[in-house]
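All of these numbers come straight from a predicted model, not from anything done at the bench. Sequence lines set the chain letters: A, B, ... in the order given, protein chains first and strands last, and positions in each chain run from 1.
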2 protein chains.
Amino acid sequence: MQRSTNRKRANLRDVAAAAGVSVATVSRVMNAPETVAEATRKRVEEAMNSLHWVPSAAARAINTGRTRFVGALVPTLDNAIFARVLASMESQLAEHRLSLVVATTDNDPDQEAEKAKGLVDIGAEGLIVSGVTHAPEFYSLIERCQLPAVSTSFYDPHYRLPTIGYDNAAAARTALAHLTDLGHRQIAVVHGPSASNDRTRARIAGLEGHSPKPGLSFYEVELSIAGGCAAGRAILQAEEQPSAVLCLSDVLASGVLFELQRQGVSVPREKSVMGLDDLAGSAHLFPELTTVHLPVSRMGAAAADAIASWVETQQVPEPSLLASDLVVRASTAGPAGADPEG
Amino acid sequence: MQRSTNRKRANLRDVAAAAGVSVATVSRVMNAPETVAEATRKRVEEAMNSLHWVPSAAARAINTGRTRFVGALVPTLDNAIFARVLASMESQLAEHRLSLVVATTDNDPDQEAEKAKGLVDIGAEGLIVSGVTHAPEFYSLIERCQLPAVSTSFYDPHYRLPTIGYDNAAAARTALAHLTDLGHRQIAVVHGPSASNDRTRARIAGLEGHSPKPGLSFYEVELSIAGGCAAGRAILQAEEQPSAVLCLSDVLASGVLFELQRQGVSVPREKSVMGLDDLAGSAHLFPELTTVHLPVSRMGAAAADAIASWVETQQVPEPSLLASDLVVRASTAGPAGADPEG
DNA sequence: CTGAAAGCGCTAACAA
DNA sequence: TTGTTAGCGCTTTCAG
């Protein structure tokens, strides 16, 4: 039954009083301990402990004007690729003593704008987004707040936000070239919703004008294993059977692979299948998936550095292009019946 | 070249001055617009816009004592199961007008404690964690801060934090029972790191004392597709071949499946494989994976409600047990050579 | 090395 | 319906 047992949370003044010092000294113990005499510091620290003192984030933020966190808006957490991006962003931001707050947008610009507002409302100092398609409300938000914001997963040096990403069109072209090099001329292209995803659109566009010009048939499905399966079934029902399936995402390729197996189609003997992403699991599928590696870890780190420097120094970072590269594994081969020497 | 062009961000006073009203009125326009006369409100809103006024999160927080966000600490974003949990947490928290901030712990209690501190530092009003194994620093943090915290993915009514989860031991037992019911007597059990994961330990413990007592051999691997593949290879090299493989996680089961296929082992004809989790993709693997469904979406929503009510009303929520259930699909069957009628 | 005091931007009584 | 004013918990000069 001590007197102050039921009081609210202690504040700086309480600690100062308990330690017999001024609030300024307590503040110094937190922010510049070396400027406080050892004995005084000890006394203050004891007071902090015995009062269960916890500094108020808000009070600090209001004084310093800094919250030390930035927000990342990703389409979904459902695709393993974002786990990699976020992990590297987070660890790189930590180098700058910045925290990362994650929000998902479901590929919906309106939801993105709303979530962005939510992040700003809780004090985000900067934002990292995906792609170059955003709601007007999003742009007006970052403009009003003069908020640093960078975009990832897409490279476009002329975009109004600095972009840190790869060339989606080139990545898709690399994949297609691998297939045509193997001799495929009828190719099914499987991709996720294009209306809501500019990365997907860029990849599709990258396929245009490739030479030699193969016969391409497009299948748009939900971006998931189930979507890949649906595409697999649709492809098998087509009049003219493609000898290869180019999936614009590894997740889709996995689904296609499973469905073809389910239908008794041998990969790559009867049909080649390839992806684009290079997820961690893709190397271990059966058969191991040929794909195009996207440098998502480096991208996450680069985006983290970019937003950090913007937040810290007010310097707008430069756009940055990261290379992607072909990873040939076991799921692709020449078309069935082709001369294996040719 | 107006006079105030280069000033810092506008504040409430600036807006009030520009609109010719008091700061209180401006505040009301934000927080209770209906109490302000239409004309006044309009004038204030115009002033807000023309000054690019953005309310300060910190200042609001310091006054209301609320930040309106809670933190979730999850082991990893790499396993699709957490995407489901987090998605439902987030949408349910939104019902309470609360935001969710996500951090990953990599199954490391020290990292968890550190990240928890980071969340508190930026103002989290409550925390959601996984499991019942945490660092002393974590406990002292939530105690010092009197911070609401609930635990998920585990049910233990006697734990010091309210647990909202399923019975991991029972789920594993359900899986094992399915296999023994099918007639399997030699079963390989594949699981992730047990030292760092109490859910895994609980699942393993759940296998004990099951009757009829089958021959169980355990394989501990990294919790990933690659880990599942490694387990698959190890199992095939064992002296006594199990007729079934029980994976304590769907991710592992996928890897086992791929590896068995790679080695030419037919599932379920030669070996049955089952998982535990019921990820969205599991229903679409080849063959479709038999598993135990964990109610992660409901769990996320329940955890959100629990932490929300705690944060809002200071009432410590009750622990809550959610049922898991068997989902029989195509990856399990009786042991090879068994009488299909028996 | 330490303290006094002036705010940071906002909310919420209380008055008018 | 609107204004006045006292803080919220902390940092940060500026003195001593």
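- Ranking dT1(D), dT11(C), dG9(C) by closeness to the Ile62(A) side chain, first place goes to dG9(C).
- Taking atom CG of residue Leu12(B) and atom C1' of nucleotide dG3(D), one finds them 14 Å apart after rounding to whole Å.
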Checklist entry - Could you go step by step and tell me if Arg66(B) and Glu312(B) meet the salt bridge (Lys or Arg N to Asp or Glu O under 4.0 Å) rule? => result CA-CA 10 Å; Arg66(B) 301 282 319 260; Glu312(B) 303 282 350; 3.3 Å; yes

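- Taking every side-chain heavy atom of Thr40(A) into account, dC1(C) is the closest of dT2(D), dC1(C), dG9(C).
- Following rounding to the nearest Å, Asn31(B) (CG) and dC10(C) (P) show an atom-to-atom distance of 11 Å.
- Taking atom CZ of residue Arg66(A) and atom C1' of nucleotide dT12(D), one finds them 17 Å apart after rounding to whole Å.
- If you check dG9(D), dT11(C), dT2(C) against the side chain of Ala37(A), the one that comes closest is dT2(C).
- At whole-Å resolution of the value, CG in Asp14(A) and C1' in dC8(D) are 13 Å apart.
- Met30(B) has its CE atom 13 Å from the P atom of dA12(C), to the nearest Å.
- Distance CZ (Arg60(B)) to P (dC8(C)): 19 Å, rounded to an integer number of Å.
- Here Ala24(A) lies in heavy-atom contact (under 4.0 Å) with a base.
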Next on the checklist: Between Trp53(B) and Leu12(B), does the side chain to side chain contact (heavy atoms under 4.5 Å, CB included) criterion hold? Intermediate values first, please.
Outcome noted: CA-CA 8 Å; Trp53(B) 148 262; Leu12(B) 241 209; 4.1 Å; yes

Item to check | salt bridge (Lys or Arg N to Asp or Glu O under 4.0 Å) between Glu90(B) and Lys115(A), worked out | outcome: CA-CA 11 Å; Glu90(B) 185 182 56; Lys115(A) 296 280 182 80; 3.2 Å; yes

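- To the nearest angstrom, C1' of dT11(C) lies 15 Å from CZ of Arg68(B).
- Of all nucleotides listed (dA4(C), dC8(C), dG9(C)), dC8(C) comes nearest to the side chain of Asn63(A).
- Neither OP1 nor OP2 of dC10(D) sits under 4.0 Å from any side-chain N or O of Asn11(A).
- Base engagement by Ser27(A) is indicated by at least one non-hydrogen atom pair under 4.0 Å involving a base atom.
- Summary of the strand contacts: Arg28(B) and Ser22(A) both lie near DNA chain C, and taking for each the nucleotide with the nearest heavy atom, the more 5' one is attributed to Ser22(A).
- Judged purely by atom type and a 3.5 angstrom limit, Arg68(A) has no side-chain atom pairing as donor or acceptor with the backbone of Ile122(B).
- Applying the 4.0 Å criterion to OP1 and OP2 of dG3(C), one finds that Thr25(A) has a side-chain N or O inside that range.
- Residue Val36(A) is in sugar-phosphate contact alone, with no base atom involved, counting any heavy-atom pair closer than 4.0 Å across all strands shown.
- The side chain of Arg13(A) lies closest to dC8(D) when the candidates are dT2(C), dC8(D), dC10(C).
- Distances from the side chain of Ser56(B) to the nucleotides dT11(C), dT11(D), dC10(C) place dC10(C) closest.
- Note on Val23(B): a base of the nucleic acid sits closer than 4.0 angstrom, heavy atoms only.
- Between Tyr139(A) and Tyr159(A), the ring planes are perpendicular. Angles over 60° get that label, and only those under 30° would be called parallel.
- Comparing dC10(C), dG3(D), dG9(D) against the side chain of Trp53(A) picks out dG9(D) as the nearest.
- Sparse packing is recorded around CD of Glu114(A), with 12 or fewer heavy atoms of other residues, nucleotides or ligands lying under 6.0 Å away.
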